[in-house]
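These notes are about the structure you will find just below.
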Amino acid sequence: MHANPPCINAAGAVLDDAQRRFDELLAHLPAGVVMHDAAGRVVAANRQALALLGRSDHQLQGTQGGDAAWHFVRADGTRMPPAEYPANAVLRTGAKVSDLVVGVPRPDEGDVRWAICNAYPERDERGDVRSIVVCFTDCTALKYAEQSLHKSEERMRLALQGSTDAPWDWDLATGEIYYSARWWEMLGYVPDEQQADVDAWVRLTHPEDRLRVLALLDELLPGPRQAYSMELRLRHHDGHYVPILSRGFILRDGAGKAVRLSGTNTDLTERKQVEHRIHELAYFDQLTGLPNRRFLLDELGQILARNGRAGRHGALLFLDLDNFKLLNDTMGHDVGDLLLREVARRLRRTLREGDHLARLGGDEFVIVLENLGQSPAEATTEVHAVGRKLLDVLAEPFELAGRQCASSPSIGATLFDGAPTSIDALLRQADLAMYRAKEEGRNTLRFFDPGMQAAVDRQAALAAALRTGIADRQFVLYCQPQFGHDGSLVGGEALVRWQRGANDLVAPGEFIGAAESGGLIAALGMDVLEQGCHALARWARAPCLRALKLAVNISVHQLRDPDFPHAVATLLAATGAPADRLTLELTESVFARNPADLVERMQQLRGLGVHFALDDFGTGYSSLAYLARFPLAALKIDRSFVQDVDNDPNASSIVEAIIALARKLHLATIAEGVELDAQQAFLTAHGCDVMQGYLLGRPVALDEFERHYGRPNAGAYQAASGSST
Ligand code: C2E
Ligand code: CA
Ligand code: CA
């Protein structure tokens, strides 16, 4: 430094050129410089020093550190005693002062500026202190960064109390990393032995996560982000990887340069386990461990897109176990569960790695095959081969709870290609094909064809038309006469027809099934019953008809309704029909499910006076034990036996046996479908009570029936003329 003090305001002083240049330089120096005389009084200060101290040149002249004019605070915020002022310290000790941090409270702004001070004495030839030079470097930004770090650390410390998070801190300037004890413990290490291992986090990061972490640092350090949060895996002492949530924030100096990175690690092991469990519960079937419906639907969307792009075929197979319900009911649900598990195991084992298998629920499984052939024919062949394997592997007997059981599946399959299809449509198609497989004898595979869909669509359209038909009362009754063994008219069977248009009369075979499956049979059945009761009431007032009985067919669905007996009673009362003239015809399907309830309902109806006949006898369940339990009045021998009674010895034996059985049980017998004299002769000879058939009379419209048979002496074996079906 120049020997003479650079007096900035030395008015009148003659400065030589070098001196002026030096002063110029001092004025532009980024550091503040203050010159004190040998007594410690300020003699000069450059522009930066004045700015830092917040004083004018005039205010500073002649003052001393610690005067009322200006004072400093220490790094810890306490007021600095005069003896510690850099210039005073140099005067006192004769030694220089290095890197002393001082705070300068600024009178105008009320805050504190921070500076690093260096001070040294200038001596004359004799070695006496002539002046003291004090340099100030503004470090306010750094100081605040440090303070906020301390504040953050404090906040973090508070936040971490009671938590298991592990703090760490990385000084980017020195490269030092501090790992908390918990940091090491989280990874299974004894902390004390590891503290020096600065590169630990890099070494322990999972190789697959390392690049990600480095990329994050690259992005983070230049700014402007202040914080980050990321998941990574760190290697545990025992070798496994611990899922970690790492969160941190960056401290920057005044220039925005990152100086520190601090944060915490959170062990996610438990959370991962819970997440995994939730995922498992949501997407996997607990019984078999297979993906569930939800998983399948998610997956299918992607598969369809994938196969569409690849231009290849795939197939969706719907597999349903045959008779599973029966096994469940007879052997118990535990055994049913065992079967499902074993079926799942066998299916999985049989399918290839890339094939998808899911359990939809119950005994329904879905298989999705991808990457089949390019052509539908190739794909079909492949699906057949897979289907064959599945049928074979499930045909092997099952050993369940120590017992051998057999099971078989029905499989429906449908192909998909690039064409847009909805997942719903595919499932429906495979489901339809599966039902076809069931219809065609089970234990087999059927492909969906558009005809199946068309049939379903027709069925839906029919149900809709039926609904309007019922509302519009388009259903009319025909009646077919029934004759006793002496040839006299004893009654008639009401047979419903659908008058869809003036010349469009639809036979019941075309709509009763749809009415049953469409939930419309109850309404239709009540309509029929009502018309039947009105007829009976009319007949009661007509001399020639008053002894006749009317048989009305009812569906088992009607009898399943607990209110049915009450509804019938109401109808009888409302119409005035004599209850004991009404016969309800039921098929053997009433024996199939919950017969006890049905028996009770039949008893109630019997209580009203109503009779029952068992229709189509011999074709259904034929549980003879039930015959005695049900309050029946008659058995109707099915048309198929009557047809062959004159030429097939088996049929004739069966008819003979039915008549004998009915007699033993005190039931009447009615033969239906009598078309030939020989049939009639056989039936009469073997004691059949009542006969019905085209030979004796076709079904005719009810009013025509009444007109014809209402005439005196019209009763015996005379078919009503006119339109018949
Ligand atoms: P079903 O109860 O066995 O009725 C007898 C069917 O045999 C009637 O057919 C009748 O027209 C027909 N038939 C009568 N005599 C002969 C004959 O000598 N030869 C031949 N080949 N057939 C004969 P329809 O009227 O078409 O009724 C068919 C089925 O529809 C009935 O069979 C019955 O199960 C059902 N059905 C008819 N009306 C009703 C009803 O109101 N409610 C319910 N739930 N079902 C009904
Ligand atoms: Ca019938
Ligand atoms: Ca019948």
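Counting starts at 1 for both ligands and their atoms, following the listed order. For this chain, numbers begin at 1 and follow the sequence in order.
The N/O atoms of Asn553, backbone and side chain alike, include one that comes under 3.5 Å of an N/O atom in ligand 1. Checked against a 3.5 angstrom limit, the closest N/O atoms of Gln692 and ligand 1 fall outside it. The shortest N or O to N or O distance between Ala494 and ligand 1 is not below 3.5 Å.
Electrostatic pairing of Arg446 and Glu440 counts as a salt bridge here, judged by a charged N lying under 4.0 Å from a carboxylate O. Ion pairing between Glu675 and Arg698 fails under the 4.0 Å rule for side-chain N and carboxylate O. Salt bridge Glu672/Lys636: present, at least one basic N to carboxylate O contact under 4.0 Å. Taking a cutoff of 4.0 Å between a charged side-chain nitrogen and a carboxylate oxygen, Arg341 and Asp337 do not qualify as a salt bridge.
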Side chain to side chain contact (heavy atoms under 4.5 Å, CB included) between Leu598 and Arg560, intermediate numbers included = CA-CA 7 Å; Leu598 301 189; Arg560 288 210 186 107; 4.2 Å; yes
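For the Ca ion (ligand 2), the set of nearby N, O or S atoms under 3.0 Å includes none belonging to Asp616. Counting backbone and side-chain atoms alike, Glu672 contributes no N/O/S atom closer than 3.0 Å to the Ca ion (ligand 2).
Not close to ligand 1: Gly525, with no non-hydrogen atom less than 4.0 angstrom away. Contact annotation: Glu516 has no heavy atom less than 4.0 Å from any atom of ligand 1. Heavy-atom distances between Gly509 and ligand 1 stay at or above 4.0 Å for every pair.
Listed by chain and residue number, Lys438 satisfy the salt bridge (Lys or Arg N to Asp or Glu O under 4.0 Å) test with Asp320 (two or more places apart in sequence, or in another chain).
By the criterion of a heavy-atom distance under 4.0 Å, both the backbone and the side chain of Val496 are placed next to ligand 1.
With respect to the Ca ion (ligand 2), Glu493 has OE2 as its nearest N, O or S atom. Distances from the Ca ion (ligand 2) to the N/O/S atoms of Asp615 are shortest for OD2. Taking the Ca ion (ligand 2) as reference, the nearest N/O/S atom within Glu585 carries the name OE1.
In this structure, Phe705 has its ring center closer than 6.0 angstrom to the ring center of Trp539. With ring centers used as reference points, Phe318 lies 6.0 Å or more from Tyr435.
The option from Arg497, Arg639, Lys636, His557 that lies nearest to atom 6 (C) of ligand 1, judged by heavy atoms, is Arg639.
Below 4.0 Å from some heavy atom of Val528 lie the following atoms of ligand 1, by number and element: 41 (O). Here is the list of ligand 1 atoms found below 4.0 Å of a heavy atom in Asp616: 3 (O).
At a cut-off of 3.5 Å, with distance as the only test, a side-chain donor of Asp285 or Thr288 sits close to an acceptor on the other residue.
Arg346 forms a cation-pi arrangement with Phe398, by the criterion of a distance under 6.0 Å to the ring centre and an angle within 45° of the ring axis.
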